[in-house]
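Each remark here refers to the structure printed beneath this line.
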Amino acid sequence: MHNKTVSELKKYLEEKKISSVELTKHFVDRIKAIDPHLNSFISLTEEYAITQAKKIDLEISKGKIRPLAGIPLAQKDIFCTKGLKTTCGSKMLENFISPYNATVVEKLNDAGMVIIGKTNMDEFAMGSSNETSYFGDVKNPWDIEYVPGGSSGGSAASVAARLIPCSTGTDTGGSIRQPASLTGVCGIKPTYGRVSRYGMIAFASSLDQAGIFTRTAEDCAILLTHISGYDPKDSTSSRKDVPDYEKECKQKFTSMTIGIPIEFLDGLDNTVKEVFEESIKVLEKNGCKFKKISLKSSKLGVSAYQVVAPAECSSNLSRFDGVRFGHRADNTKNIDDLYKKSRSEGFGQEVKRRILIGTYALSAGYYDAYYLKAQKIRKVISNEFAEAFKEVDLILGPTAPDCAFKIGEKSNDPIAMYLSDVFTVSTNLAGLPAMSLPMGFKNHLPLGLQIIGNHFDEAKILSLAHHYQKITDWHTKKPKLSGD
Amino acid sequence: MWESVIGLEIHVQLNTKSKIFSPASTNFGAPQNTQACAIDLGMPGVLPVLNEEAVIMAIKFGIAVGSEILDNSIFARKNYFYPDLPKGYQISQYEIPIVSGGAMEIIINGKSKIIHLTRAHLEEDAGKSIHDLYPNESAIDLNRAGTPLIEIVSEPEMENAEEAVQYLKNIHSLVRYLGISDGNMQEGSFRCDANISLKKKGSTTLGTRAEIKNINSFKYVESAINHEIERQAAILDRGDSVVQETRLYDPSKDETRSMRSKVEANDYRYFPDPDLLPVSISQELIEEIKSNMPELPSAKKTRFINQYGLSEYDTIILVSDRELSEYFENILKDSDLNPKMTANWIITEVLALAKKTYLSVKDYPVSSEDLKYLLSNVTNETISSKQAKDVFERMWDNKENPRDIIENEGMKQISDVDELNKIVDNIIKNNYKSVEEYQSGKDKLLGFFVGQVMKETQGQGNPKIINQLLKEKLKK
């Protein structure tokens, strides 16, 4: 049952071949057996899930079938879930129980999905390896000595290990696509504003976007339809109509012109390059035209990102002060002492590093040189993408410069870590939608193919991804797991 | 030797139903922390959504002072840590405010002066820290957190406390006319920061300024400014220099003291709030608001002078308070009362009692209807104005009905000449010495005779007739 896709499970449930309670128990048992080796979950919500599943089963028996009735789901622990622990991977929120649901959570609950657990993540989504989590590293299911990527490492690893058919993630600079690439699953980050950010704990508000992990493009399309749409609680969410992505992506594939940014191939790892070129060949044979394009400024993306994201985070994380909720230090002398101790104890090293960088970048006298300049670069990058999309339908490249790296390998070298996001950050800076899907392996570790689209062109991205998965079988490869 | 230069930053709480970025209520006086929702508490993951009502109120203000209303003004984050600031930043407007420029006229001793506004911007209020509730702990009430404010910034164009207070009063009156704030200074709905510096007489270079924070009454503004001018003058007189700093006015000690110097000042790290879009304002919206503006103090002043023939002095008093001017006009409505007499009554009798009892118009115990009844009785000479004043005091103090007093107590002016003749004759007969004195030129004694007659009539005699009769009879 755990090898079934969302689309298959949907049929099984609707045809009453399996109940939601049975399915829930199956996945809960599987998580209990396998996850101790992976650590992809921060909390299991078994009791809550069984109650939900019972409710859904009752509805189904009465003929009320919600669109995603009874399908198990894991929520990244960055999404506020009413009555359930929401830690954001941090000691700061170790015991935080949210009094409300994030809009994404609300929407998927309404669609009938059953939350089975909250997935592990880099602390406050700051990391590319899931090593900054207060709740321990997540292991890559393909080789537990390797990282699963980050920050949505738990969401990616759990889907890759078939502990859950689908999960949510967030992507600020690549936090959905890079772990999807490193664990061999599909992960989509929609256009900025496509999905409400309400209740999603903010890292960098102008870059953060919620998305989905699944094993197939079709499944991504199914879930994306349900989380998208305008939310009156998020002023930055878009009022644009939401298409039925599933229907759109399954329509007959029509020829597309696809751009390959020459900058993405410059100095690329040989195997990654070979695998990528192989996937181009496959698509070329199957109705796609390719065109070399240039995104000159995308190289500046990481630098601009490393100013904008910390700047916004330094302000977003100010609310964690030990006064109203979250970790509060004991035995403090006065209010300044309370702030200092609570924050020093509650935040991990990477979070502190980014708060410091961001605070510096916004300081009087440095604002123009850093923050404003980064915003200008952002504009230039956006314009380059806009130019490119006048000539091509989609842009294709590898998602990450390499396959997964070993746990500990880059944790003392932040710059090397930040470069993991070199192909993903510029789309966040430009607010564009992008997706990663499996395209092959380097040795035994998966590699991801990134499809970047123009604003609100998710349907096009999913259409190409679905087409690719009909002619290849990379997405069906399974890791061998201890405990399986 | 020194000239003072004053600029004011006025914080006005807007009386919207809900907060500027959340649906929580803005009512004053609810139990602590009952009007703060997840957004006001700055919980993880929550987002602000701008309340359009606040935007409309800010535009109203801008139109009233002739400002430019800027399209696409930007909300920015002002970052600092304080326990009653839940998010660790205040959402305010920084580089691009919603209202730019504008002017306010003040009149002092009949002389008009224009004070220019720099800008007015929208922002959220913070919560309140309460330090005297528990012995070793501070308490926080976040009911106020997120209440919409406009901060109105003037150019440094005021020269003394009197001008500053007049400007403040005019802004106060204006926001109440516009119905955008209750202006309640005790509850903190209307408060101001004063920037004060001194320069050499005739010089065009401004001196170093001190900012006095959060002054919440007209009287305090006056004393705070005067104290600060004295303090700075004393420093400059000894040849020292003023330190740029933020100071606090302590009304209990009637002095200002230092809060923090420029060195200790926060670096607020302003940057545009990525959670909020630029505030887009269409020309149509501005036109719509313009066409629904209430009558403003300056227009009302002109109308009162023309329509009622009042003096400028009286008009300024009546018009300074929207509700007082409405009280006045309600009395005149559907009546043939003399406007000047009515204005006089309000300015002398009503305002005197209002001042003594600390009541504002909405709390007056005497309704405009009842006062109209009373004044009509004076006009048709049913009662004397002396009697009217007594009745009015009883109405004010005991909430007595004027009909009951006048009718039930048979309160009537005695205008019957025969009846008064008898009394006058009696008085003249019994005071022959005084009559002699009067007739030998002591005119002032007429008052004495009038008083005697009034005493005899228990205050009900018609003074006009009594005067006439006495003058005639005393001639002989």
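Numbered from 1 within each chain, the chains take letters A, B, ... in sequence-line order.
- Proximity to chain A is absent for every atom of B:Pro23, based on heavy atoms less than 4.5 angstrom apart.
- Distance check, rounded to the nearest 0.5 Å: CG of A:Leu84 to CD1 of A:Ile97 gives 8.0 Å.
- Heavy-atom distances place both the backbone and the side chain of B:Asp275 under 4.5 Å from chain A.
- Using cut-offs of 30° and 60° for the angle between ring planes, the A:Phe320 and A:Phe124 rings count as tilted.
- Residue A:Asp208: no heavy atom, backbone or side chain, is found under 4.5 Å from chain B.
- Note on ring orientation: taking the six-membered ring where Trp is involved, the planes of A:Phe96 and A:Phe325 are tilted (angle from 30° to 60°).
- Considering only heavy atoms from C-beta on, A:Arg319 comes within 4.5 Å of B:Val46 through its side chain.
- With chain B as the partner, the residue from A:Cys88, A:Ala364, A:Ala202 showing the most heavy-atom pairs under 4.5 Å is A:Ala364.
- Of all the listed residues (B:Pro86, B:Pro83, B:Gly88, B:Pro44), the one sharing the greatest number of non-hydrogen pairs under 4.5 Å with chain A is B:Pro44.
- Neither side chain, B:Thr246 nor B:Lys213, offers a donor N or O lying under 3.5 Å from an acceptor on the other.
- Only the backbone of B:Tyr270 comes within contact range of chain A, judged by heavy atoms closer than 4.5 Å.
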Intermediate values then yes/no, side-chain hydrogen bond (donor to acceptor under 3.5 Å, both in side chains), B:Asn195 and B:Glu9: CA-CA 8 Å; B:Asn195 283 294; B:Glu9 290 167 21; 3.2 Å; yes
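- Among B:Leu85, B:Asp267, B:Ile39, B:Leu142, the residue with the largest count of heavy-atom pairs under 4.5 Å with chain A is B:Asp267.
- For A:Phe203, no part lies under 4.5 angstrom from a heavy atom of chain B.
- If you measure heavy-atom distances from A:Thr86 to chain B, you find no contacts under 4.5 Å at all.
- Of the residues considered (A:Cys80, A:Ser315, A:Gly322), A:Ser315 shows the highest number of contacts with chain B, using heavy-atom pairs under 4.5 Å.
- With a 4.5 angstrom heavy-atom cutoff, A:Phe79 does not touch chain B via any of its atoms.
- When heavy atoms are compared at a cutoff of 4.5 Å, A:Ala102 does not approach chain B at all.
- Counting heavy atoms from C-beta on, the side chains of B:Asn33 and B:Asp141 come closer than 4.5 Å.
- Side-chain contact between B:Val242 and B:Glu245: absent, with no pair of heavy atoms (C-beta onward) separated by less than 4.5 Å.
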